2 protein chains.
Amino acid sequence: MSRKRFLDTECPVARALDQVGDWWSLRIVLQAMYGTRRFVDFQQQLGIAKNILCDRLSRLVEHDVLRKEDVGEHGSRYEYRLTEKGRDLFTVVVALRQWGDKWIPTEFPPLDLRDRENGAPIQAVRVLAGDGRALDVRDVFTQVDERQNTGS
Amino acid sequence: MSRKRFLDTECPVARALDQVGDWWSLRIVLQAMYGTRRFVDFQQQLGIAKNILCDRLSRLVEHDVLRKEDVGEHGSRYEYRLTEKGRDLFTVVVALRQWGDKWIPTEFPPLDLRDRENGAPIQAVRVLAGDGRALDVRDVFTQVDERQNTGS
DNA sequence: TTAATTCGGTTTCAAAATGCAACTCTATTC
DNA sequence: GAATAGAGTTGCATTTTGAAACCGAATTAA
């Protein structure tokens, strides 16, 4: 059987993971956020096999996370660039990064992100209530109404 | 060759993805956040094969994202519960959920999360500067200092 | 008090997915 | 004019995944 996909589920997390939840996609998006645009650069920086990279890039383009642009006069040179949808994964990536820094420390010092405006460190990403209180998983519930709570 | 892992990289995102970046782990964590604790329930709610579930649960326990608790008198009934590290993935999950709701809409209405305190919807998760401005991927840079920027 | 069922797995086996190396086909550079 | 680089394919071996069968302990049903 083929790998399970989660295209039409009611659960938005599952739908999101369906598009970027495989082993490589988010890493590719991350590299793109660092400015990588060329096939070879993705390949070298990530150490990913070319056929897999090819497949992932196509999938990301298909899902409108990346856009493939033809640079160079008559074909054969391309750039993969983030779309708005792709750029909007920034929050997810930063949340993951902060989680990694907090819970999987290494010998390396945490490479913190800084505000380009003034060089100051950014805040920790948090889930906030309407009134600005920081919320924990136990402080929220899902509006499930009459439908039964399958997934999501 | 076996699947590439990213255990000791300088990049915290890669380290995070190494622990929860496979096809199932974040889904399991999500279910756990919805209150699922038993093997069979994970299995049925996710539609995951038992051997894979078994493997993923062990990995998550090994990485201290879940804790395996022995309930029932002398073994043979267990519960998998989120640790603090696991609960702290809440931000990541909510960010993903909001991204999914925004960019991959379906016939289902977005199932919004609400504040248990007062039933009000929560805010969109955002990356904020020290002074509270919302930041985009282009508004930040990484403190890379003298080391070369490999990965991260 | 057996018998059936549930829980939490392990085993087996076929079908993907992955990684690697070699190869291709344009351009561009030496 | 030959060599190299970019962006992929193709073929093949290894891993991972998924489905279904099986298993042993404990719990429930008859």
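Every chain is numbered from 1, with letters handed out A, B, ... down the list of sequences. Model, not experiment: these values are computed from the prediction.
As rounded to whole Å, 22 Å separates atom P of dA13(D) from atom CZ of R3(B). Rounded to whole Å, atom P of dA15(C) lies 21 Å from atom CH2 of W23(B). Atom P of nucleotide dT15(D) and atom CG of D22(B) are separated by 18 Å, given to the nearest angstrom. Taking atom CZ of F42(B) as the reference point, atom P of dG8(C) lies 10 Å away to the nearest angstrom. For the pair L66(B) CG and dG8(C) P, the computed distance is 14 Å after rounding to whole Å. Computed from coordinates, the D41(B) CG to dG9(C) C1' distance equals 15 Å when rounded to whole Å. One atom, CG of L57(A), and another, P of dT9(D), lie 11 Å apart when rounded to the nearest Å. Nucleotide dG6(D) holds its P atom 12 Å from the CD atom of Q45(A), rounded to whole Å.
R3(B) and D22(B) are not joined by a salt bridge, as no carboxylate oxygen comes within less than 4.0 angstrom of a charged side-chain nitrogen. Checked for salt-bridge contact, R87(A) and D136(B) miss the test: no charged N lies under 4.0 Å from a carboxylate O.
Between the CG atom of L60(A) and the NZ atom of K85(A) there is a distance of 9.5 Å, given to the nearest 0.5 Å.
For Q19(B) (side chain) and S25(B) (main-chain N/O), no donor-acceptor pair under 3.5 Å exists by modelled atom type. The backbone N or O of K4(B) lies less than 3.5 Å from a partner atom in the side chain of W23(A), making a donor-acceptor pair.
For the pair R38(A) and dG6(D), the criterion of a side-chain N or O lying under 4.0 Å from OP1 or OP2 is not met. Between W24(A) and dG19(C) there is a side-chain polar atom (N or O) within less than 4.0 angstrom of OP1 or OP2. At dG9(C), one or more side-chain N or O atoms of Y80(B) fall inside 4.0 Å of OP1 or OP2 (strictly under the cut-off).
Listed in residue order, the members of residues 46-53 of chain B having a heavy atom less than 4.0 Å from DNA chain D are A49(B), N51(B), I52(B).
At a threshold of 4.5 Å between non-hydrogen side-chain atoms, the residues L66(A) and I28(A) count as touching.
When the nucleotides dA19(D), dT6(C), dA5(D) are ranked by their closest atom to the side chain of R77(B), dT6(C) comes out on top. Of the candidate nucleotides dG6(D), dG9(C), dG18(D), dG9(C) has the atom nearest to the side chain of K68(B). The side chain of Y78(A) approaches dG8(D) more closely than any other nucleotide in the set dG9(C), dG8(D), dC7(C).
Both cation-pi conditions hold for R27(B) and F6(A): the charged atom is under 6.0 angstrom from the six-membered ring centre and inside a 45 degree cone around its axis.
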